[in-house]
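Scroll down for the structure; my scribbles are underneath it.
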Amino acid sequence: RHWKEAREQDPWLVQAYFRRNFKNVIGASGIMGLFLLPAYLYIESQPSLRVIPENVTEFSGSLTWPCIGLWLLAGRILSARIELYFISSCVRFHLGTLGSANC
């Protein structure tokens with residue numbers, strides 16, 4: 001079986017993550033955490049990139065920007081957890097069958 005096939009034995013969080021090809025809140029949060037958290041962290045580390053126009057001072061003074069960072073971090077942690085689930089499943093499978101390559 002291919003690893004992308006729907007598997008009923010996977011935990012509900014893994015199933016929810018992949019449901020409708022990531023087109024759901026959990027899946028989209030994970031994918032955005034994977035791809036946008038590095039950009040967010042880079043922008044945070046470069047004061048020259050955090051220039052905000054004067055008419056948008058409410059955005060810089062609010063909790064919106066840090067909340068976006070926390071959301072991206074949560075999505076990245078979720079993705080890492082799911083990656084570890086598949087790695088551990090693959091290792092357990094290979095330890096059980098020794099020599100098969102059907103992860």
Side-chain angles (χ1 to χ4, degrees):
R1 279 174 27 152
H2 195 271
W3 69 271
K4 287 186 178 179
E5 290 180 13
R7 302 184 322 179
E8 292 77 31
Q9 75 272 16
D10 289 341
W12 71 269
L13 191 56
V14 173
Q15 292 178 17
Y17 186 83
F18 289 105
R19 188 171 295 126
R20 292 181 21 229
N21 294 321
F22 307 101
K23 294 176 185 156
N24 60 69
V25 174
I26 294 173
S29 297
I31 296 300
M32 291 181 83
L34 277 171
F35 291 102
L36 297 180
L37 182 63
Y40 175 88
L41 293 174
Y42 181 73
I43 290 168
E44 274 296 300
S45 72
Q46 303 296 320
S48 62
L49 294 177
R50 287 188 276 151
V51 177
I52 297 175
E54 291 179 21
N55 58 354
V56 198
T57 54
E58 303 84 37
F59 182 78
S60 63
S62 71
L63 291 176
T64 305
W65 186 245
C67 286
I68 290 171
L70 288 174
W71 177 55
L72 292 173
L73 179 62
R76 181 59 189 109
I77 291 170
L78 172 66
S79 294
R81 176 63 190 108
I82 290 174
E83 291 166 8
L84 290 173
Y85 168 76
F86 280 108
I87 290 168
S88 66
S89 296
C90 186
V91 168
R92 275 184 269 132
F93 175 80
H94 284 294
L95 288 177
T97 59
L98 289 179
S100 178
N102 296 329
C103 189

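Quick caveat, the model's predicted, so the values are computed rather than measured.
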Which of these passes side-chain contact (heavy atoms from CB on, under 4.5 Å) with F18: L13, D10, I82, I26?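 Single side-chain contact (heavy atoms from CB on, under 4.5 Å) partner of F18 among L13, D10, I82, I26: I82.
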Quick check: is [Y] connected to [X] through a chain of hydrophobic side chains (ILVMFWY, heavy atoms under 4.5 Å apart)?
| X | Y | result |
| --- | --- | --- |
| L72 | L70 | no |
| L84 | L73 | no |
| V25 | V14 | no |

* When you look at CZ of F22, are more than 12 heavy atoms from neighbouring residues, nucleotides or ligands closer to it than 6.0 Å? ->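 Buried by this count: over 12 neighbours within 6.0 Å.
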Query raised in the report: Going by the salt bridge (charged side-chain N to carboxylate O under 4.0 Å, His left out) test, which pairs reach into residues 70-91, not counting sequence neighbours?
Result: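 Every salt bridge (charged side-chain N to carboxylate O under 4.0 Å, His left out) pair that includes a residue of residues 70-91, provided the two are not neighbours, is R76-E83.
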Residues passing the side chain to side chain contact (heavy atoms under 4.5 Å, CB included) test with P38, sequence neighbours excluded, are none
Residues in side chain to side chain contact (heavy atoms under 4.5 Å, CB included) contact with L41, at least two apart in sequence or another chain: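 Partners of L41 by the side chain to side chain contact (heavy atoms under 4.5 Å, CB included) criterion, ordered by chain and then number, come out as L37.
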Open item on the list: Considering only residues two or more places apart or on different chains, which pairs with a residue in residues 16-32 satisfy side-chain hydrogen bond (donor to acceptor under 3.5 Å, both in side chains)?
Closed with: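 For residues 16-32: Y17-S79, S29-W71.
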When every non-hydrogen atom of Y40 is compared with those of P66, the smallest separation belongs to OH-CA, 3.8 Å
